[in-house]
Amino acid sequence: MSAHVSFRFGPIIETTSPFPGNIATFAARLLGSRQSMDDRDGQVVPGQPDVGSLLRRCAEGDRGAFRRLYELQSPRLYGLALRLMQQPALASDAVHDAFIQVWQRSARFDPARGAAEAWLTSLVRYRAIDILRRRAREQYGLEREDEPDPSPDIVQQLGERADGEALRRCLGTLDEGQRRVVLLAFMDGLSHSELATRLQAPLGTVKSWVRRALLGLRRCLEA
Amino acid sequence: MSGIGFDRDEELVLVAGEYVLGTLPRDEAARVALEAADDPRLAGAIADWERQLLPLASLAPTADPPADLWPRIEASAYGDGSVGVLRPRRRPQGAAGVGFWRGVAAAGFLLAAGIAGIAILSRQPVTGPLPMQLATLSPIGARPAAFVIEAQPDGALSVRPVSPETVPAGRDLELWSLPAGAKAPHPLGVLPAAGLHLAAGAIPAGRVQILVSLEPKGGSPTGLPTGPVLYGGAIVRAE
């Protein structure tokens with residue numbers, strides 16, 4: 001493509017990418033890691049295609065793979081959106097938008113950066129949070145009905161997942177305020193200002209809890 | 001380039017963490033997402049948090065989505081609304097205005113975000129009668145470039161599709177500019193099937209990302225992108 005374009009200009013070219021690496025190395029990483037994607041996901045169920053390979057097939061325009069991906073992942077993703085948004089219609093919108101992104105951008109999934117499940121989860125969460133924030137602005141003054149805090153027991157459930165044990169342990173190293181803001185933000189989609197209202201704490205204090213919680217988690221998770 | 005101004009690794013990790021947790025106000029979150037498209041380190045920090053916090057997502061109970069959700073997704077994903085291919089148009093020779101436009105080779109950032117762009121830098125002003133192709137905006141992968149931005153001889157810009165682009169029924173594509181360091185993208189209007197013509201003054205000087213997002217019919221109701229950013233590329237107008 002660049003050759004096609006560049007013939008018009010003659011001596012073009014200077015690449016001033018301000019970023020480390022270049023197309024070639026990035027592509028090599030992308031391609032190389034694609035090959036090991038199935039291993040990375042580590043959740044291959046016998047007889048079922050794993051999420052990573054379904055995403056790869058979606059990138060090739062395979063509608064059957066797209067449907068299979070929906071069948072496998074939508075209960076988990078819809079449940080997540082419902083927890084965040086409380087309203088089925090809103091949760092449906094978030095999952096709808098996320099799956100459209102999956103279809104249009106599955107080639108953008110970079111297995112070198114994370115597992116397929118994490119990518120899907122993030123697409124849904126970001127859509128859900130964006131919709132929540134937009135509604136909060138449109139309906140200024142309307143408070144969301146308070147759900148009870150995620151119970152302390154919920155953190156214990158993390159330990160039941162093989163990949164959740166480290167996070168459970170590290171959440172346990174945070175103090176109560178820090179742990180609450182992490183759970184309320186991630187599970188219930190509360191913004192800084194909503195956290196401040198919920199926890200009846202000044203906005204600056206809440207922001208500081210969030211930041212200290214993040215640093216504490218990072219230190220513990222990477223120890 | 002960074003409009004957020006990360007000086008320290010810790011700040012990068014914190015902003016990425018706040019973004020993944022979802023505590024940031026909407027405009028700040030949009031800004032972080034766009035910055036991440038331009039900054040592999042930020043994108044990497046976000047991906048790290050997404051992976052590390054993923055187990056929390058499993059705490060939400062699963063729930064069967066409504067039966068009409070999959071048909072709705074299918075209709076949006078495969079719905080027609082195909083757009084034809086436009087051929088480059090010759091323009092009458094006018095004032096030489098293309099020289100100050102530059103495409104920026106920022107393929108690293110574009111690929112990192114999954115937005116592929118082929119960028120062209122020309123060191124010398126080009127003063128021919130033909131439109132000068134500046135940049136193409138395309139998704140990564142096997143799909144072809146989607147849009148091309150050309151500087152017209154009078155210095156105006158045209159954005160036009162170079163391959164059939166499927167826009168889901170009931171949706172529109174919207175064009176945005178994001179100058180380096182800006183806090184939020186600026187709407188340039190709904191991008192019609194036939195492309196869009198932008199006056200020379202529509203894009204500020206300096207390095208500017210041009211982005212295309214999927215929006216409700218008629219464009220974003222909020223003045224900020226509400227749907228996924230599908231395509232992007234960067235151009236620079238010399239001072």
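Throughout, protein chains are lettered first and strands after them, A, B, ... in sequence-line order, and every chain is numbered starting at 1.
Under a 3.5 Å cut-off, the side chain of Arg125(A) and the backbone N or O of Leu21(B) do form a donor-acceptor pair. Without hydrogens or angle criteria, Arg133(A) side chain to Gly22(B) main chain gives a donor-acceptor distance under 3.5 Å.
Looking at Glu222(A), the atoms closer than 4.5 Å to chain B (heavy atoms on both sides) all sit in the side chain, from C-beta outward. With a threshold of 4.5 angstrom between heavy atoms, Leu214(A) approaches chain B through its backbone and through its side chain. Looking at Leu77(A), there are no atoms closer than 4.5 Å to chain B (heavy atoms on both sides), in backbone or side chain. Heavy-atom distances place the side chain of Leu167(A), and not its backbone, under 4.5 Å from chain B. Using a 4.5 Å cut-off between heavy atoms, Arg127(A) contacts chain B through its side chain alone, with no backbone atom that close. Looking at Ala57(B), the atoms closer than 4.5 Å to chain A (heavy atoms on both sides) sit in the backbone and in the side chain alike. Proximity to chain B (any heavy atom under 4.5 Å) is restricted, for Asp97(A), to the side chain, taken from C-beta onward. Residue Thr121(A) touches chain B through its side chain alone, counting heavy-atom pairs closer than 4.5 Å. For Val206(A), no part lies near chain B; criterion is any non-hydrogen pair under 4.5 Å. Contact annotation for Ile129(A): only side-chain heavy atoms (C-beta onward) come within less than 4.5 Å of a heavy atom of chain B. Contact annotation for Phe66(A): both backbone and side-chain heavy atoms come within less than 4.5 Å of a heavy atom of chain B.
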Arg72(B) vs Asp93(A), side-chain contact (heavy atoms from CB on, under 4.5 Å): CA-CA, chis, key distance, verdict:
CA-CA 10 Å; Arg72(B) 201 178 136 209; Asp93(A) 283 352; 2.6 Å; yes
Would Trp103(A) and Ile73(B) satisfy side-chain contact (heavy atoms from CB on, under 4.5 Å), going step by step from the backbone distance to the final call?
CA-CA 10 Å; Trp103(A) 181 244; Ile73(B) 289 169; over 6 Å; no
The test is side-chain hydrogen bond (donor to acceptor under 3.5 Å, both in side chains); show your working for Tyr70(A) and Glu74(B) and say whether it passes.
CA-CA 11 Å; Tyr70(A) 179 83; Glu74(B) 272 189 310; over 6 Å; no
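With contacts defined as side-chain heavy-atom distances shorter than 4.5 Å, the pair Phe186(A)/Leu59(B) does not qualify. Counting heavy atoms from C-beta outward, Leu221(A) and Arg51(B) have side chains that stay 4.5 Å or more apart.
Heavy-atom minimum distance, Tyr78(A) versus Pro65(B): CD2-CA, 3.6 Å. Of all heavy-atom pairs between Leu56(B) and Leu171(A), the closest is CD2-CD1, 4.2 Å. Across all their heavy atoms, Gly164(A) and Pro55(B) have their closest contact at CA-CB, 3.8 Å. Taking each heavy atom of Ala118(A) and Glu50(B) in turn, the nearest pair found is CB-O, 4.2 Å. Between Leu69(B) and Ser92(A), the closest heavy-atom pair is CD1-O, 3.5 Å. In plain terms, the two heavy atoms of Ile100(A) and Leu214(B) that are nearest each other are CG2-CD2, 4.1 Å.
Note on Glu18(B) versus Arg211(A): salt bridge recorded, some NZ/NE/NH1/NH2 to OD/OE distance being below 4.0 Å. Between Arg218(A) and Glu10(B) there is no salt bridge, since none of the side-chain N atoms of the basic residue sits less than 4.0 Å from a carboxylate O of the acidic one.
How far CZ of Arg134(A) is from OG of Ser220(B): 7.5 Å, rounded to the nearest 0.5 Å. With rounding to the nearest 0.5 Å, the separation of CG in Leu158(A) from OG in Ser58(B) is 6.0 Å. Atom CD1 in Ile131(A) sits 9.0 Å away from atom OG1 in Thr226(B) (nearest 0.5 Å).
Heavy-atom pairs under 4.5 Å with chain A were tallied for Leu24(B), Val20(B), Asp64(B); the largest tally goes to Val20(B). Between chain A and the options Thr23(B), Asp68(B), Thr62(B), heavy-atom pairs under 4.5 Å are most frequent for Thr23(B). Contacts with chain B were tallied for Cys170(A), Ser193(A), Ser191(A); Ser191(A) has the most, counting heavy-atom pairs under 4.5 Å. Most heavy-atom pairs under 4.5 Å with chain B, from the set Pro75(A), Ala213(A), Ser122(A): that is Pro75(A). Ranked by heavy-atom pairs under 4.5 Å with chain B, the first of Arg63(A), Gln101(A), Glu71(A) is Arg63(A).
Residues Trp70(B) and Phe99(A) keep their aromatic ring centres 6.0 Å or farther apart.
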